[in-house]
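All ligand and atom numbering here is 1-based and tracks the order in the structure.
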Amino acid sequence: MIPFHKPYRLDQARHAIEQVLTLGKTEGDGPMTACCQNDISTCLTSKNAAKSNPAEVLMMTSGTHALEAALYAINLDAGDEVILPSFAYPSAANAVILAGGTVVYAEVEPSHLTIDPARIKYHITPHTKAILVVHYGGVSCDMPAIMAIAQTHHLIVIEDCAQSFLSSDHGLFTGTIGHFGCFSFHGTKDIVAGEGGALVINHPDYVKFARQFRQKGTNRDEFAIGQVNFYEWISCGSSYAPSEIAMALLHSQLELSDEIVTSKRALFTRYLAFFRNESGGLSERYQSHLVSTSTSPKYGKANGHLFYLLFHAADQATAFIRYLSDQGIDARTHFVPLHESQFGRQFIRPENDFHVEAGLGQRLVRLPLFAALTFAEQDYILTVADRFLLGEI
Ligand SMILES: *Cc1c(COP(=O)(O)O)cnc(C)c1O
């Protein structure tokens with residue numbers, strides 16, 4: 001069976017994990033956490049074409065917790081609205097609600113399934129406080145347009161970068177453009193910690209609160225560097241520091257990150273070439289089944305996180321997944337748009353127009369794409385997919 005996803009060279013982590021066990025300090029904020037923080041900080045700064053230094057990188061227990069910490073840090077009042085795409089993972093909307101805000105859906109544009117800046121503008125009200133964008137599939141949202149809107153209306157921008165580590169837009173890495181970047185290193189992402197994440201804070205005003213919030217609402221970070229003699233309860237907070245074991249794994253993965261992203265990009269490009277015609281559009285041969293596929297961003301570089309095929313109808317997608325599975329290939333659908341989910345329906349407004357999102361969760365199929373996938377395996381996947389899509393079965 002060709003799996004849908006396989007983490008890359010986990011064996012490389014053995015030495016670092018043993019180091020943690022030998023040291024005997026397994027709780028958070030030890031040397032491995034410091035290494036990861038430094039790795040990410042260096043990655044996002046030194047390789048940025050146009051330099052932009054994050055004010056702070058905080059390692060977190062998950063991408064979900066990075067989103068929560070960001071939303072708590074902006075201090076929402078009851079009735080404050082946060083605009084986010086309906087085509088998002090529940091964590092983004094949960095974070096808004098947990099932090100006391102109101103969820104307002106904006107629509108995505110059809111070519112990359114990322115939030116449409118024109119629709120953000122349309123949903124802004126006097127209560128709008130922030131925009132939460134999702135770089136779906138590793139393709140950056142249109143950040144210059146979004147930042148311009150945010151500036152005009154004095155809004156905070158939070159980037160959900162769970163799928164976009166090392167993706168860029170106009171020469172800037174995702175997560176370094178808005179006020180916050182929220183990364184995930186969940187076992188299903190490109191670079192894994194088992195469970196883990198990072199909060200990148202690009203504005204110094206939020207650093208102190210985020211640090212305290214992550215440390216159970218205490219000033220323990222100041223205590224750790226000798227700024228105070230004891231630490232105490234300062235504000236409301238929670239416990240979001242990851243284990244050193246998880247950070248040892250992540251550190252070893254971060255050392256492989258260039259290798260992982262290079263390999264995934266090559267595979268993404270090969271998938272793309274297969275489904276495109278000479279002018280770059282969807283090949284005519286596939287138009288009876290497909291609406292579109294993943295495409296490369298115009299002004300940036302995606303990390304090759306995923307490659308999807310979008311079918312006209314859900315039953316075609318289901319039959320395709322079943323056929324691939326019979327041929328030993330594991331392909332998957334993706335998240336149900338929030339407005340179509342049980343809990344998420346309540347946030348639909350009369351202004352919403354979800355014609356792009358309708359049925360996305362069931363019509364979209366992701367093909368296997370992971371760093372260790374060989375070109376031969378990919379060719380086999382494409383041969384099988386082709387047979388189905390041309391109606392030869
Ligand atoms: C995976 C994911 C998350 C959640 O990250 P965790 O580390 O699993 O909590 C949030 N948003 C998006 C877009 C994701 O893909």
Would you call [X]-[Y] a salt bridge at under 4.0 Å N-O?
X      : Y      : value
Lys25  : Glu27  : yes
Asp77  : Lys129 : no
Asp330 : Lys6   : no
Asp379 : Arg270 : yes

For this session: Could you tell me whether a side-chain N or O of Asn352 sits under 3.5 Å from a main-chain N or O of Tyr105, the two making a donor and an acceptor?
Result: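 Answer holds: yes.
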
Exercise. So Tyr206 and His179, would you call those rings parallel, tilted or perpendicular, with 30° and 60° as cut-offs?
Worked result: perpendicular

Problem set entry | ligand 1 contact on Thr64 by region, counting heavy-atom pairs under 4.0 Å |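 Thr64 to ligand 1: contacts from backbone and side chain alike.
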
Exercise. Which bit of Ser62 gets closer than 4.0 Å to ligand 1, counting heavy atoms only: side chain, backbone, both or neither?
Worked result: both

Exercise. Below 3.5 angstrom, do we get any N/O pair linking Glu195 and ligand 1?
Worked result: no

Problem set entry | Contact (N/O only, under 3.5 Å) between Gly63 and ligand 1 |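 Right, the criterion is met.
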
Which residue owns the protein heavy atom closest to [atom], what's the atom, and how far is it?
atom                    : result
atom 5 (O) of ligand 1  : Ser184 OG, 3.3 Å
atom 12 (C) of ligand 1 : Ala162 CB, 3.3 Å
atom 13 (C) of ligand 1 : Asp160 OD2, 3.4 Å

Exercise. So which of Phe320, Phe388, Phe275 actually passes ring-ring contact (aromatic ring centres under 6.0 Å, His included) with Tyr286?
Worked result: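 Option passing the ring-ring contact (aromatic ring centres under 6.0 Å, His included) with Tyr286: Phe275.
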
For this session: Report the member of Tyr89, Phe87, Phe335 with the shortest heavy-atom distance to atom 3 (C) of ligand 1.
Result: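 Going through Tyr89, Phe87, Phe335 one by one, Tyr89 has the nearest heavy atom to atom 3 (C) of ligand 1.
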
Exercise. With a cut-off of 4.0 Å, which atoms of ligand 1 are near a heavy atom of His186?
Worked result: 7 (O), 8 (O)

For this session: Report yes or no: does a heavy atom of Lys189 sit under 4.0 Å from some atom of ligand 1?
Result: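 Yes.
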
